[in-house]
Amino acid sequence: MLLLRMKSIELLTRKSGRLKMLLTEHFCKNQVPYVCLCISSYLCSKKKKENGYEQVDQERYMNLVRSVTSSKASPQTPETLFEEDNLIYGPVNKFKSPVKDIEAKFPKNWVPLINSSKRTLPPNSDRKHLLKIGLQRHKVPSVTTVLQQTMPLHQAFYLKRWKQRMILELGKDGFAEYTKNLFLQGKLFHAALESVFLSEEVPLKEQEKDTTVSGYLASVQHVLRDISGVKALESAVHHETLHYSGLVDCVAEYRGQLCVIDWKTSEKSKPYLRNTFDNPLQVAAYTGAINHDANYDFQVNCGLIVVSYKDGSPAHPHFMDSDLCSQYWNKWLLRLEEYTEKAKNNNAIETS
């Protein structure tokens with residue numbers, strides 16, 4: 001509008017040089033705010049620079065966006081790198097064993113866990129003699145050997161990686177000394193428990209003298225209060241039908257239920273049964289062996305895994321009822337068949 005008005009006035013006064021001069025001066029004076037107005041308008045209307053992360057699905061990638069936009073530079077550690085990889089690429093796709101396929105299988109040579117020809121001892125029944133049968137050298141495989149030779153691939157992978165990490169940290173000689181000490185601690189712990197059950201009291205003086213097992217003994221005190229009626233200690237078992245052997249830690253009543261008890265030591269907390277890896281299969285194997293061993297005139301259908309800790313923190317007792325023992329018994333039978341097949345194949349290769 002201002003420009004049109006200026007042109008109209010200029011046409012009317014074209015012959016008047018003085019008026020033209022005045023108008024020119026007037027135009028020049030008003031030009032600055034006009035130009036400033038245009039510039040101001042341009043600045044206001046200029047589109048704000050977009051943040052590329054605003055186009056991302058905020059709800060789905062909220063943690064990733066927050067991580068990228070909030071920290072421009074931060075010190076990197078293996079933990080932070082792992083967290084960033086997890087955010088960017090997702091969680092590590094760990095190898096998953098075909099659990100469903102294993103559970104769907106059924107042992108070809110199925111033998112029941114419970115021996116129908118044996119009696120089951122009633123609760124709180126006392127024995128005149130505590131069984132402690134020595135382990136004889138048989139040509140049959142031990143429970144430990146079967147489980148080691150048929151270890152699932154993912155367990156073998158993690159075990160191998162753990163060994164490699166420990167060797168890098170301690171060296172070969174240091175790692176050998178470390179495993180030797182672990183074995184010695186377990187042996188001393190079992191011996192201390194045996195003395196506890198035989199004397200039926202906790203040897204406090206021995207605990208004070210031997211600091212190696214004092215923490216483990218303190219860890220299991222609340223479990224020992226629930227154990228009574230010990231039937232066997234460090235006693236050998238042999239399954240007369242399936243032909244395997246082993247050495248059971250303890251057979252006793254836990255809260256009124258006769259159980260095969262397996263004592264474990266651990267540096268890591270294991271609050272769940274799944275944290276004990278193949279230990280439930282080991283307990284099930286010992287249970288079945290006792291039920292089919294003529295040296296034992298009683299029958300067991302429950303198990304107990306007790307994980308104790310060196311620092312004295314309360315142990316984790318994992319009770320296995322008859323149903324759970326039966327489930328792991330079937331898994332043990334599958335592992336035993338796998339071991340037998342491998343042994344046959346190895347023998348065939350050696351003879352050929």
Side-chain angles (χ1 to χ4, degrees), residues 93-118 133 135-164 179 183 235-249 260 262 264 273-296 299-303 305 318 320 322-352:
N93 185 16
K94 297 180 180 179
F95 174 81
K96 294 183 179 180
S97 61
V99 178
K100 293 183 179 179
D101 294 339
I102 293 176
E103 290 180 350
K105 290 182 179 179
F106 195 78
K108 297 176 183 177
N109 184 24
W110 186 78
V111 175
L113 176 67
I114 303 300
N115 188 348
S116 58
S117 62
K118 263 191 180 183
I133 302 172
L135 185 63
Q136 302 294 325
R137 288 180 175 260
H138 295 285
K139 293 183 179 180
V140 298
S142 67
V143 173
T144 303
T145 300
V146 172
L147 292 176
Q148 288 178 346
Q149 295 296 323
T150 60
M151 184 181 296
L153 291 177
H154 68 285
Q155 284 189 28
F157 168 77
Y158 287 123
L159 179 61
K160 183 179 179 181
R161 191 173 68 173
W162 173 79
K163 286 183 178 179
Q164 291 174 343
T179 53
F183 177 78
S235 189
V237 293
H238 175 247
H239 200 293
E240 297 169 353
T241 305
L242 296 175
H243 306 294
Y244 67 84
S245 63
L247 189 68
V248 64
D249 289 347
V260 168
D262 201 23
K264 299 295 180 184
L273 185 64
R274 64 176 179 269
N275 300 136
T276 61
F277 298 103
D278 282 342
N279 294 152
L281 278 76
Q282 186 178 21
V283 169
Y286 291 154
T287 302
I290 288 175
N291 295 341
H292 293 81
D293 189 333
N295 291 315
Y296 299 87
Q299 202 154 211
V300 189
N301 58 6
C302 294
I305 299 171
H318 302 291
M320 299 168 56
S322 58
D323 290 337
L324 198 56
C325 278
S326 296
Q327 293 177 28
Y328 280 105
W329 170 250
N330 288 332
K331 292 180 180 181
W332 158 251
L333 292 178
L334 289 171
R335 295 281 285 271
L336 184 60
E337 287 182 356
E338 182 183 348
Y339 173 84
T340 304
E341 286 295 323
K342 285 184 176 181
K344 287 181 179 179
N345 293 334
N346 291 335
N347 291 334
I349 294 172
E350 290 176 0
T351 55
S352 61

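Just so it is clear, the model here is predicted, and its values are computed rather than measured.
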Is there a donor-acceptor pair under 3.5 Å between the side chain of [X] and the backbone N or O of [Y]?
X: S235; Y: I133; answer: yes
X: S142; Y: T145; answer: yes
X: N291; Y: V300; answer: yes
X: E337; Y: K108; answer: yes
X: Q299; Y: K118; answer: yes
X: S326; Y: S322; answer: yes
X: D262; Y: V283; answer: no
X: N345; Y: E341; answer: yes
X: N115; Y: H292; answer: no

Problem - Over 12 foreign heavy atoms within 6.0 Å of NZ, K342 - result: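 It does: K342 NZ has more than 12 such atoms within range.
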
Side-chain heavy atoms of [X] within contact of [Y], under 4.5 Å:
X: D278; Y: R335; value: yes
X: L113; Y: C325; value: yes
X: N301; Y: T287; value: no

Exercise for the section: Run the ring-centre check on Y244 versus W332 and record whether the distance is less than 6.0 Å. Expected result: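 Distance test on ring centres: under 6.0 Å, yes.
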
Handout entry: Aromatic Y328 / basic K331 pairing, under 6.0 angstrom, 45° off normal
Key =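 Satisfied, under 6.0 Å and within 45°.
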
Exercise for the section: Start with the C-alpha gap between L242 and L333, add the side-chain angles, then the distance that decides, and say whether side chain to side chain contact (heavy atoms under 4.5 Å, CB included) holds. Expected result: CA-CA 9 Å; L242 296 175; L333 292 178; 3.4 Å; yes

Problem - Separation between NE2 of H243 and OG1 of T340, rounded to the nearest 0.5 Å - result: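 Output value for this atom pair is 10.5 Å.
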
Handout entry: Polar contact flag, side-chain donor to acceptor under 3.5 angstrom, K264-Q282
Key =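 Result is yes, a qualifying pair exists.
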
Where [X] and [Y] come nearest, the two heavy atoms and their spacing:
X: L273; Y: P280; value: CD1-CG, 3.8 Å
X: P112; Y: W329; value: C-NE1, 3.7 Å
X: L135; Y: A236; value: CA-CB, 3.6 Å

Practice task
Go through the structure and list residues passing ring-ring contact (aromatic ring centres under 6.0 Å, His included) with Y296, not counting sequence neighbours.
Solution key: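 Counting only residues at least two positions away or on another chain, Y296 forms a ring-ring contact (aromatic ring centres under 6.0 Å, His included) with F298.
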
Exercise for the section: Please report the C-alpha distance between H239 and V111 in whole Å, then the side-chain angles of each, then the deciding distance to 0.1 Å, and finally whether the side chain to side chain contact (heavy atoms under 4.5 Å, CB included) criterion is met. Expected result: CA-CA 11 Å; H239 200 293; V111 175; 4.1 Å; yes

